[in-house]
Every structure is written in structure tokens, then in C-alpha cells.
**Q** 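Structure in C-alpha cells, see below.
Computed from a predicted model, the values in this text were never measured in an experiment. Scope of the values below: all heavy atoms of this structure, side chains included, with no hydrogens, waters or symmetry mates.
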There are 2 protein chains.
Amino acid sequence: MAEQQRPGRRPTMSDVAKQAGVSRALVSLIFRNAPGASEQTRERVFEVAREIGYRPDTAARTLASSRTKTLGVLLTIRNPFHADLVEACYAEADRLGFDIVLSTTVPTRDEERAIDALLGHRCEALILFGPKASAAYLTQLGREYPVVSISRRVPDAPLDVVHTAEAKGVRQAVDYLVGEGHRDIIHIDGGTGPGSAERKRAYRAAMRKHGLADHGRVIPGNHTEDSGVHAAEVLLAEDALPTAVLAANDRCALGLLGALHKAGVKVPQEVSVVGYDDSRVAMLSHIGLTTVHQNADELGRLAVRAAVERTETPAMPGRELVLDPELRVRGTSGPPR
Amino acid sequence: MAEQQRPGRRPTMSDVAKQAGVSRALVSLIFRNAPGASEQTRERVFEVAREIGYRPDTAARTLASSRTKTLGVLLTIRNPFHADLVEACYAEADRLGFDIVLSTTVPTRDEERAIDALLGHRCEALILFGPKASAAYLTQLGREYPVVSISRRVPDAPLDVVHTAEAKGVRQAVDYLVGEGHRDIIHIDGGTGPGSAERKRAYRAAMRKHGLADHGRVIPGNHTEDSGVHAAEVLLAEDALPTAVLAANDRCALGLLGALHKAGVKVPQEVSVVGYDDSRVAMLSHIGLTTVHQNADELGRLAVRAAVERTETPAMPGRELVLDPELRVRGTSGPPR
DNA sequence: GCGCTCTACTAGCGCGCTCTAGCACCGACG
DNA sequence: CGTCGGTGCTAGAGCGCGCTAGTAGAGCGC
């Protein structure tokens, strides 16, 4: 980075070539780390490039090359678990020589728009973190591009899904709570969130198994803090609280905890709260959240590998990679009063 | 989105043009929303595009046009406050007709690399969330591109800075704690984190103002949860705890809270904890964190506006936009024992 | 008939790069 | 001596689009 104050224009490969006294093609070759240039020339070219402040233009690169070596990642920036996943994806993509482009949903920007942005960047494959789009849309997307979904299952679609065995995690949580002596265990549903349907089903099954079908109850919700707050309001408006709540995910659990605390309800003395995800925040929060651990590092790693494999064998039928979850008991749960 | 199963190739503008029986130029014009096409043709072109699954290629667009209408945002995906800022930036960028490209630092990817990625995408301006790079680097960057920094001040550099009045926020926090009766108030420093130097200075000044210079103490740290955990270890190894801790930011405060809790220290009874940022999580966490509120919506909005203005008037000298912070007293603070 | 304007459209260059084909030169080998 | 393979380099087409300069045709006034 230095003088280089050409009026407006940013330096291009030709500038570097001219300055270094070689052809543009050779500079290209050197910047691509391709063999065929002497060590001496290589160094000189890099030196000149640094001097005039040359930076390769991704757009031009993308346009000219068939492979962009880029993966598109769709996430929800608010979701702390997604942050864990992103870190894992970067690490693995680096290893495989792939770049990553991020696109997030925010309240003013829906999934389709965020995905369009990724495709506009010519990503070779898409990795979607818990997508909420319709199955039809995702199926069609999978037909046109290599797609990997984390957590969200899309039956019979031509895309790979990486997720944890939801049912197993829920069963562990319910078994644990029942073991502690709980009977009134309610579940806050994740709505259309990824894995929610499976979790709800597993919750019902587990309650039935323990002969607690009558005590089971599902409050509708979603995967945000708000739904936890809302569930708390619903519960507080009633005569008696349940002794334990299995939240849709960690964010929902945090919202619930906050609202319960505000209302003076003691956790875990009066109510036990269990989350789902084990995002790193859960571990760190003031009173560590009891939650079902999903291995983000492994999920991200597998997703990237699957995505890259799909770029090489596009027509592969959909695969499902399932990891085992694991209950992490911390401070927000215990025996009922 | 439909059949369109051309072998490998994705449809281009020419495909749309051919199919619709018009020239490529007209299709281009229509997709750019430029005037000069009849309503009838416009609709037919869109119809055909949808049918064959055409998506404009961002790379080609970028390459061909002088303006990319894109802003690059550098963030740390782990930082919940950054999530708040991202949402605000998207909203404002949308309003001004700009796109946003995100690039995050992760443990395996440093700031310079993340910034290079943004510049490779030909962003017209960069918005850096609390950059930690050297002043020299940022100054040079500001000379070459329109740059806006949030929170991190870079004296005399040709870039805009949007931040809150750090000193004022810290003063409010210290005044409040002293008012509650605290005397042993320590500060966990944010190290090279944005605003840290100012906060430390303001902390010292405020303590002096209250005649508590002797009670002041700064523990080195940074802007992650780890530094809070570490500070807790340092404090717990000593004879007596302070009665209040002013953390570097919310993440640091959360780490501290977690570690104190693990050690059986009661908050706020034994120790009061105050954060900084007021990221939405702070509000939601189990016991709401007392913290210094920064208006993320406004910070993001101003940053985007400044960035766009800079793309239009590149040579502007550096400006500083300062917002007022505001102490939010919640559950982690109170009078000392 | 003429020239004029306005609308609706088209031709074709060039953005900065990748990549295939090919060229000049070298030493080695038969 | 001619040929071969390897090394280090270059020429030039073309990726998908934006955009400038243009054209064809309709409508209109004189």
C-alpha cells in the first residue's frame, strides 16, 4: 500500500505488468499461485503490486473463471449459535481453499432476498443455517444449485442436511427432568424453526413414555427471545406455573429467563429451564443455561465438506448427516420444589 | 424459477433477450429499471426471465459499471452489539439504494484479510465496526477509500468516526455507583478495543473527581467474554473483592458474571457489575445487565449516511459524529453490602 | 413533400480478469 | 547434428454485463 494516487482508477493487473516489465498473463498466473513463473519474477511482481497498491478484483475474477471457489452462507445475524457455526465454516473452508460470502436475514430483508444476493455472487454452493423458506422453494433451489441445510430437514429434496438427532436430545432432556422429579414439564414450540417439528414430536413421545401425557403441554413460539418472553407472560397469567420448561432453543430460553426473573420467579427453585443449541453464550450467561448441546464445530465442518462435495458431483441425491446431541446440565435446572 | 436445465450454464441476459425476441441491451435496460422500454415489453421480459430462472450476475454488473452501489461492513460475528449495528445498517442502506456485503473476523481470519475481501468486491465505502488495526493502516486505508469507523477513533485520519461520548457514559456509571455508596470500583480495561482508552481515562478522571483515586484500579482485558472470566480469576485470588466492577463492554461483563456465579459470589449483593454497549442480549439476559446504552440504530444509520456521503465527496477531511450514551440500571447493580 | 421531435429499441465496446494455445530458449540424449 | 521435454513466458479470446452512440419509425406542423 503506497503512493499510487492515479486519478480515481484503482490499479489493475496491467498496471502491475507494465511496471514489472512482464505480461499481464504472467501476473495473473502469479496471483493465482499457478506454477510456471520463476521465483525471482514472482517476488518482483508481488513487490510491484504492493508498491502501487494493487488488489485483485473479485468481480473480474469471478466473471472470468468457471470456478469461483466461493461458498455462500445464509444466516441470521442475531442468532448466537449461527456465530459458532460461521466460525467453524470459515475454518473448514480455509482448509479446502474456499472463500465464504455471508448473507444475513434481518427484519427488513427476507431469506429469498438474502439467497439471491449469494447467487448473484456466483457462489458454487449454498449453506443455509436453519432456513425457514418453503420446502417447495428449497427443493427447487436444490435442483438448480448445490445446497446444504443445517438443522432444517427437507424431505426428499435434492440437498444435503446436516443436523443433530433432535429426538434424542429432547428425550435426554425430558428423561433428565423426570429423573429429577418433574412431572409438569411444558414445551415452548419453535414454530417453523428448524428441527422444531421433530422436537415437538419427541417431546410428546417422551412424556408419553413416562406416563405423563396428561401433563404435557405445548406453547406456540419461535426461535427468538421474544417467544420466551411471550411464553412467560402466558404462564404467569395462569394459576400455577409448571415446574419445568423445555424451550425451543437457547434464545427462547434466555427470553424466558429474563421475563421470569423480572416477575420474581426463581430459577431453578420454582421453575427449571432447559434450552437447545448450547451456543457459546448459553455457557457464559450469568447463570449457565442447562441446554442440549449441538456440536457447532462439527456441524459447520460437515456442512462445508458436503457443500464442496456437491460442487463436484452436483446431481447427488439428498443426504442426511446426523450428529448426536448431548444434554449439558448447568445452573437453570434442578429438582422441583 | 422453473425447468431451465441447460447443461451447467446458468441463463444470461442474452438467453432472456433471445427468448423474448428483443436485444440484450433492452433487457439490460429493463433490469436496471432505466426508462426507455414500453410497459408491455418490460413485463414480457420479466416473465421470460422468471421462466428460465435468470438471475443477474453481480460480478458482471460490478465489473461493467463504475458504481457498484455496495457498502462493505467489517464486523466480529461473535459480538452481539455488532448484530444490532448490522440490522441498523441494512435498514438505512436499503433506504439509500445501497447493497451491503459483510465480512467478519474470526479467530482464523484477521481484519486485514476481511477488509481485503470487501475491497475485492469493489465496495464503494467501508464501514468498520470497532476496528483494531493500527492507526497507520487505517489512515492509509482512509486515503484510498471512503471509510467510516464505528466506535474506534483514529485521530487525524481521513475517515469518519461515529461513536458515543465514551467519557460521558463512564462518568454516568461511576457517578451512579458512587451515589449508591460504592468506593472500591475497579475497571476492566478493553485493551486495544474501540473506545477503551477513552473509557479508561474517563474512569480515572471520575474516580479522581470523587476523591477515590486511591481506590481506582484497572485490570487489563479486552472486549471478549474471556477477559471477564480472567478478571474474575484475578479478583477471586485476592483477599477482598471490590464492591463494583465497570467492565470493558457487555461481553466482558457477561464473562465476569458467569465466573463470579460459578465461584458463588452474589451479584449485585456482593459485587455490582456494569457493562457497556447495551447490546440487545444484555437486556434479555437472565438478570438484566446494568450497562451504558449506545444507540445502535442511530450509530448504524449515521455510519451508512456518512459512508454514502463519502463516496460522493471522497476527499472530505475526517469527521466525528458523537452520540450521547445513557446509563441503564438493571439487575446487576445496587448498593454495596 | 420536408424537417423536426419523441419513443422504442439495437450495435458494440470495454470493465479486469482467467485460461488455452503457443512460442522461445535451454540442456540432454541418441 | 537434430529432436525432445521442460521451463518461463506471451497473445488473445471471452466471461456477463453497463452504457454510449446510434437507428427506425411514428406523429406533427408547415
Side-chain angles (χ1 to χ4, degrees), chain A residues 4 6 8-45 48-49 52-70 97 99 116 119-124, chain B residues 4 6 8-45 48-49 52-70 97 99 116 119-124:
Chain A
Q4 172 49 26
R6 209 80 57 84
R9 276 187 63 246
R10 67 185 245 176
T12 75
M13 229 169 220
S14 301
D15 297 328
V16 178
K18 215 172 297 166
Q19 193 84 11
V22 296
S23 72
R24 207 176 38 69
L26 189 62
V27 177
S28 164
L29 184 152
I30 288 172
F31 266 87
R32 274 177 287 144
N33 257 324
S38 69
E39 199 47 47
Q40 205 183 356
T41 316
R42 216 169 265 275
E43 269 169 35
R44 190 154 41 88
V45 164
V48 169
I52 68 176
Y54 168 73
R55 274 194 182 80
D57 185 319
T58 314
R61 261 194 170 164
T62 298
L63 188 57
S65 58
S66 46
R67 303 209 54 177
T68 60
K69 287 280 201 171
T70 299
D99 252 0
D116 273 347
L119 293 175
H121 282 297
R122 273 253 257 302
C123 296
E124 290 189 41
Chain B
Q4 171 51 28
R6 211 80 58 81
R9 275 188 64 244
R10 66 187 244 176
T12 73
M13 234 171 214
S14 302
D15 297 328
V16 178
K18 215 171 295 165
Q19 192 86 10
V22 295
S23 71
R24 206 183 40 72
L26 190 62
V27 177
S28 163
L29 184 152
I30 288 172
F31 266 89
R32 272 176 289 144
N33 256 324
S38 70
E39 199 46 47
Q40 205 184 352
T41 315
R42 215 170 267 274
E43 268 169 34
R44 189 155 40 86
V45 165
V48 169
I52 68 175
Y54 168 74
R55 275 194 181 82
D57 184 321
T58 314
R61 259 190 172 168
T62 298
L63 189 56
S65 61
S66 46
R67 300 209 57 176
T68 60
K69 287 279 202 175
T70 299
D99 253 0
D116 274 348
L119 293 176
H121 281 296
R122 273 254 258 300
C123 297
E124 290 188 41

**Q** Given atom CZ of B:Arg55 and atom P of D:dC17, what is their separation to the nearest angstrom?
**A** 13 Å

**Q** Could you pull out the closest heavy-atom pair between B:Val22 and B:Arg44, with the gap in Å?
**A** CG1-NH2, 4.4 Å

**Q** List the atom of B:Val45, the atom of B:Ala20, and the distance in Å for their closest heavy-atom pair.
**A**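 Minimum heavy-atom separation between B:Val45 and B:Ala20: CG2-CB, 4.2 Å.
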
**Q** Touch check for B:Pro56, heavy atoms < 4.0 angstrom, all strands: base, sugar-phosphate only, or nothing?
**A**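 The answer is sugar-phosphate, as B:Pro56 gets under 4.0 Å only of primed atoms, P, OP1 or OP2.
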
**Q** Could you tell me whether the side chain of A:Asp99 reaches within less than 4.5 Å of the side chain of A:Glu124, counting heavy atoms only?
**A** no

**Q** B:Met13 and B:Val27: which non-hydrogen atoms are nearest, and at how many Å?
**A** CG-CG1, 3.6 Å

**Q** Could you tell me the separation between the NE2 atom of B:His121 and the P atom of C:dC15, rounded to a whole number of Å?
**A**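 Going from B:His121 (NE2) to C:dC15 (P), I get 22 Å.
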
**Q** Taking only side-chain nitrogens and oxygens of B:Arg32, does any of them come within less than 4.0 Å of OP1 or OP2 of D:dC19?
**A** yes

**Q** Hey, what bend do you get for the helix from C:dG1-D:dC30 to C:dG30-D:dC1 if you fit axes on five pairs at each end, rounded to 10°?
**A** 60°

**Q** Output yes when at least one side-chain N/O atom of B:Ser38 is less than 4.0 Å from OP1 or OP2 of C:dC9, else no.
**A** yes

**Q** Specify the separation, in whole Å, of atom CG of A:Asn33 and atom C1' of C:dC17.
**A** 16 Å

**Q** Where each residue is assigned the nucleotide of DNA chain C containing its nearest heavy atom, which of B:Arg42 and B:Ala60 is assigned the position nearer the 5′ end?
**A** B:Arg42

**Q** Please list, in numerical order, the residues of residues 20-31 of chain A that have a heavy atom closer than 4.0 Å to any atom of DNA chain D.
**A**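 Contacts with DNA chain D under 4.0 Å: A:Val22, A:Ser23, A:Arg24, A:Ala25, A:Leu26.
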
**Q** Using atom CD of B:Glu39 as one end and atom C1' of C:dC9 as the other, report the distance to the nearest whole Å.
**A** 16 Å

**Q** Taking the side chain as every heavy atom from C-beta outward, state whether B:His121 and B:Thr62 have any atom pair closer than 4.5 Å.
**A**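 Contact flag for B:His121/B:Thr62 side chains = no.
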
**Q** If I compare all heavy atoms of A:Arg24 with all of A:Ser14, which pair ends up nearest, and what's the gap?
**A** CD-OG, 3.0 Å

**Q** Please assess A:Ser65 against A:Arg61 for the test side-chain hydrogen bond (donor to acceptor under 3.5 Å, both in side chains), listing each intermediate value before the final yes or no.
**A** CA-CA 6 Å; A:Ser65 58; A:Arg61 261 194 170 164; over 6 Å; no

**Q** Shortest non-hydrogen contact from A:Pro11 to A:Tyr54?
**A**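 Heavy atoms of A:Pro11 and A:Tyr54 come nearest at O-CD1, 3.4 Å.
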
**Q** Specify the separation, in whole Å, of atom NZ of A:Lys18 and atom P of D:dC9.
**A** 19 Å

**Q** May I have the distance from A:Leu63 (atom CG) to D:dC15 (atom C1'), rounded to whole angstrom?
**A**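 That distance rounds to 4 Å.
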
**Q** Just compare D:dC15, C:dC17, D:dC9 and give me whichever is closest to any side-chain atom of A:Ala37.
**A** D:dC9

**Q** Under 4.0 Å: is that the gap between some side-chain N or O of B:Arg61 and OP1 or OP2 of D:dC17?
**A** no

**Q** Please tell me which of the listed nucleotides, D:dG18, C:dC9, D:dC15, lies nearest to the side chain of B:Met13?
**A**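 Shortest atom-to-atom distance from the side chain points to D:dG18.
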
**Q** Between B:Ala37 and B:Ile30, what is the shortest heavy-atom contact and its length?
**A**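 Minimum heavy-atom contact is CB-CG1, 3.8 Å.
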
**Q** Side chain of A:Thr12, heavy atoms from C-beta onward: which of D:dG18, C:dG16, D:dC9 has the nearest atom to it?
**A**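 From the listed options, C:dG16 comes nearest.
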
**Q** More than 12 heavy atoms of other residues, nucleotides or ligands under 6.0 Å from NZ of A:Lys69: is that the case?
**A** yes

**Q** Under 4.0 Å, counting only non-hydrogen atoms across every strand here, what does A:Thr62 touch: a base, just sugar-phosphate, or nothing?
**A**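 No contact.
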
